[in-house]
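Heavy-atom basis, side chains included; hydrogens, waters and symmetry copies ignored. A note on names: the letters A, B, ... follow the listed sequences, proteins ahead of strands, and every chain is numbered from 1. Small disclaimer: the values here were computed from a predicted structure and weren't measured.
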Amino acid sequence: MIPTYHQLVYAVTRQVPKGRVTTYGAIADFLGLGASRMVGWALNNRVDDVPAHRVVNRKGELSGRHKFATPTLMAELLEYEGVKIENDQVVEFERLFWSPAAELGDDWEFPG
DNA sequence: TGTTTGACCACGG
DNA sequence: GCCGTGGCCAAAC
């Protein structure tokens, strides 16, 4: 079957290691979609298996925190994984940034 | 079936 | 360096 946009986003998001973060744009670019907005939209359908809290915007801000059970849950989950959050923003975001294109490679494909 | 809406990003002023 | 605007594409209405 042809994976939908959500499934691609979910699959990539699941690859994000604990304690690391990535951006909507990075995922969109990796998938060759060009529409980073869709990544956020897809994660809006928050699925339990997907660590959506590891996805932030290009500034490292927790722009999607309000879509969690509580607005602070996203920060709490990240801090629990060792990612410090300050003022709704990932501390040392550039250092913790995880690039799917660099880590998975261009030949990565949707599993299943 | 056409319009509106997004957890965004890049660019120009 | 901040603010406004356009563009991107798929789902919901």
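Applying the side-chain hydrogen bond (donor to acceptor under 3.5 Å, both in side chains) test to every pair with at least one member in residues 54-64 of chain A, sequence neighbours left out, gives these pairs: A/Arg54-A/Glu81, A/Asn57-A/Glu61.
At whole-Å resolution of the value, CZ in A/Phe30 and P in B/dC9 are 17 Å apart. Counting to the nearest Å, the C1' atom of B/dA7 and the CZ atom of A/Phe93 are 14 Å from each other. Atom CG of A/Leu31 is separated from atom P of C/dA10 by 12 Å (rounded to the nearest Å). The distance from atom CG of A/Asp29 to atom P of C/dC8 is 15 Å, rounded to the nearest whole Å. Rounded to an integer number of Å, the gap from A/Lys59 NZ to B/dA10 P is 11 Å. The interatomic distance linking A/Ile27 (CD1) with C/dC8 (C1') rounds to 16 Å, in whole Å.
In terms of modelled atom types and a separation under 3.5 Å, the side chain of A/Gln15 and the main chain of A/Ala11 share a donor-acceptor contact. When atom types are taken as modelled, the side chain of A/Tyr10 and the backbone of A/Tyr5 share no donor-acceptor pair closer than 3.5 angstrom.
At B/dA7, one or more side-chain N or O atoms of A/Asn44 fall inside 4.0 Å of OP1 or OP2 (strictly under the cut-off).
Other residues, nucleotides and ligands contribute more than 12 heavy atoms inside 6.0 Å of the CD atom of A/Glu79.
Contacts of A/Arg20 classified as salt bridge (Lys or Arg N to Asp or Glu O under 4.0 Å), with partners at least two apart in sequence or in another chain: none. Scored by the ring pair (Phe, Tyr, Trp, His ring centres under 6.0 Å) test, A/Trp98 finds no partners at all (sequence neighbours excluded). A search for salt bridge (Lys or Arg N to Asp or Glu O under 4.0 Å) contacts involving A/Glu92 returns A/Arg95, not counting sequence neighbours.
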Interface polar pairs with nucleotides 11-13 of chain C, N/O, under 3.5 angstrom:
| residue | atom | partner | partner atom | Å |
| --- | --- | --- | --- | --- |
| C/dA11 | OP1 | A/His6 | ND1 | 3.4 |

Atom pairs, protein N/O to nucleotides 3-7 of chain C N/O, distance under 3.5 Å:
| residue | atom | partner | partner atom | Å |
| --- | --- | --- | --- | --- |
| C/dG7 | O6 | A/Arg37 | NH1 | 3.0 |

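Looking at the side chain of A/Ala35, the nearest of the listed nucleotides B/dC9, B/dA7, C/dC8 is C/dC8.
Here the CD-OG1 distance, from A/Glu103 to A/Thr22, works out to 9.5 Å after rounding to the nearest 0.5 Å.
Residues A/Val56 and A/Met74 meet the side-chain proximity criterion, which asks for heavy atoms closer than 4.5 Å.
Using a 4.0 Å heavy-atom criterion, one finds that A/Leu33 contacts the sugar-phosphate atoms exclusively.
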